[in-house]
Amino acid sequence: MDIDECWGVVGRTVTYDDAGVTVPERETTVSVHTLNTDGTAGGFSLEVAADGKVTYKLEEENLDPADGADRVDTLANPTTTAPDLTHEPDGEPEAEESGSEVAATEAASSPTACSDGAYATDDLKEYGSYEWYVGDGAMPGGLSQTNAKWAFMDAVNNITESYNDCGYTDQVSAASNYRATTTYEADINANTVCTARDGLSTWDGGNLGTGVVAAACRWSWSMPGVKNDLREADVRFNTTDYRFTDNPTSACTNQYDIRSVATHEAGHVFGLGHVGSGHENLTMYTHSFLCSKKARTLGKGDVLALRSVY
């Protein structure tokens, strides 16, 4: 479709599977990623080319949930250096908090985080520093803006510093900088639609569509021949329908770990996509398990994904 052939296309809403985007200006791509309670891969990207042509790509095209055939590393141990080998993984699944029986059951039959090299990346990269803000609305887990800032910052740093227990050193050049609190909100509405961007990358809490725990919206400029240039990325936690905690304990029930969800969303900010069934122990798995801190720590595939981009 040519944008000039359809009057008023810019600013119109396009939806698929209970998520959507607002058509941006030329030479811009907008994408929405949703973290869903049922573990399905939600979201899609829509690009308006310089000539006005509109194209889209569904999130589910990046993976095959039936057999977990995501994009995987093709080398036995890519970009591994001597310092990477100073700490050997123990090969055992991470212990789960009480209240996470579902996570334990599904993860038990999957490769351990440090042995699973599956990953997917999107056509997007932060070439400079990701400058981000905390909104002034309700925060997940009832945190203050200040405490939410520290939780979100820890999650973003998990990505930019390749935080893992697998012995991989940080070889990723991704960078970020927390700026301030803001009265702006994440440009994501209650229907999980990415609205028109306001120029600030904002993290906050609010209402999202049914079944969506959190969502990330990203806007990038087209860069022929290389990955698109990230211009803004907003993250919203669904504080209307779901409960969150910053410290899951043995008494935790029906709560999502803020930093696990935030680390997953930060992965999307820096260009990582979802991995599907069979990869439950990776941070970028399509579902965040209740009362589990597991996704705070990157697995092999998560690290390899970052290294492939940065």
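Residue numbers count from 1 along this sequence. Everything numeric in this text was worked out from a predicted model, so none of it was measured.
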Considering residues at least two apart in sequence or located in another chain, which fulfil the side chain to side chain donor-acceptor pair (under 3.5 Å) criterion with Ser173?
none
Under 6.0 Å from the ring centre and within 45 degrees of the ring axis: does the NZ or CZ of Arg231 meet both conditions for the six-membered ring of Trp221?
yes
Is Val213 close to His287 at the side-chain level, that is, under 4.5 Å between some pair of heavy atoms?
no
Output all residues satisfying side chain to side chain contact (heavy atoms under 4.5 Å, CB included) with Asn189, sequence neighbours left out; order by chain, then residue number.
Asn191, Val193, Thr195
Distance-only polar pair, side chains of Thr112 and Ser115, donor-acceptor under 3.5 Å:
yes
Once the angle between the rings of His33 and His274 is folded into 0 to 90°, is it parallel (under 30°), tilted (30 to 60°) or perpendicular (over 60°)?
perpendicular
Take Asp116 and Lys300, measure what salt bridge (Lys or Arg N to Asp or Glu O under 4.0 Å) needs, and give me the verdict at the end.
CA-CA 6 Å; Asp116 190 349; Lys300 178 181 179 180; over 6 Å; no
Donor on one side chain, acceptor on other, Glu47 and Ser222, under 3.5 Å:
yes
Could you work out, with side chain to side chain donor-acceptor pair (under 3.5 Å) as the rule, every residue matching Asp123, not counting sequence neighbours?
none
Please determine whether a side-chain nitrogen of the Lys or Arg among Asp122 and Arg218 lies less than 4.0 Å from a carboxylate oxygen of the Asp or Glu.
yes
Identify, with sequence neighbours excluded, every residue that meets side chain to side chain contact (heavy atoms under 4.5 Å, CB included) alongside Asp18.
none
Indicate yes or no: does Asp229 engage Lys125 in a salt bridge with an N to O separation below 4.0 Å.
no
Looking at every heavy atom in both Ser288 and Leu35, which two are closest together, and how far apart are they?
CB-CD2, 3.6 Å
For Val14, run the side-chain contact (heavy atoms from CB on, under 4.5 Å) check against Val54, Thr22, Val23 and tell me which one passes.
Val23
Answer yes or no: is there a donor N or O on one side and an acceptor on the other, between the side chain of Ser201 and the main chain of Ala233, under 3.5 Å?
yes
Side-chain heavy atoms under 4.5 Å apart, restricted to Ile/Leu/Val/Met/Phe/Trp/Tyr: what other residues fall into the cluster of Tyr163, or is it alone?
none
Taking the side chain from Thr192 and the backbone from Gly209, do they hold a donor-acceptor pair closer than 3.5 Å?
yes
Within the structure provided, determine whether Thr28 and Ser220 are in side-chain contact (heavy-atom separation under 4.5 Å).
no
Thr183: side chain to side chain contact (heavy atoms under 4.5 Å, CB included) partners, not counting sequence neighbours:
Asp136
Salt bridge (charged side-chain N to carboxylate O under 4.0 Å, His left out) test vs Arg296 passes for just one of Asp257, Asp154, Asp302, namely Asp257
Partners of Tyr184 by side chain to side chain donor-acceptor pair (under 3.5 Å), sequence neighbours excluded?
none
Hydrophobic cluster mates of Met223, side-chain heavy atoms under 4.5 angstrom, ILVMFWY only, any path?
Tyr127, Val226
Could you tell me whether the side chain of Asn281 and the main chain of Pro111 form a donor-acceptor pair under 3.5 Å?
yes
With Tyr178, which residues qualify under ring-ring contact (aromatic ring centres under 6.0 Å, His included), at least two apart?
Trp132
Is there a donor-acceptor contact under 3.5 Å from the side chain of Glu232 to the main chain of Gly199?
yes
Remaining members of the apolar cluster that contains Ile188, side-chain heavy atoms under 4.5 Å:
Leu208, Val212
Residues at least two apart in sequence or cross-chain that pass ring-ring contact (aromatic ring centres under 6.0 Å, His included) with Phe270, listed by chain then number, are Tyr130
Looking at residues at least two apart in the chain, or sitting in another chain, which of them share a side chain to side chain donor-acceptor pair (under 3.5 Å) with Thr40?
Asn36, Asp38
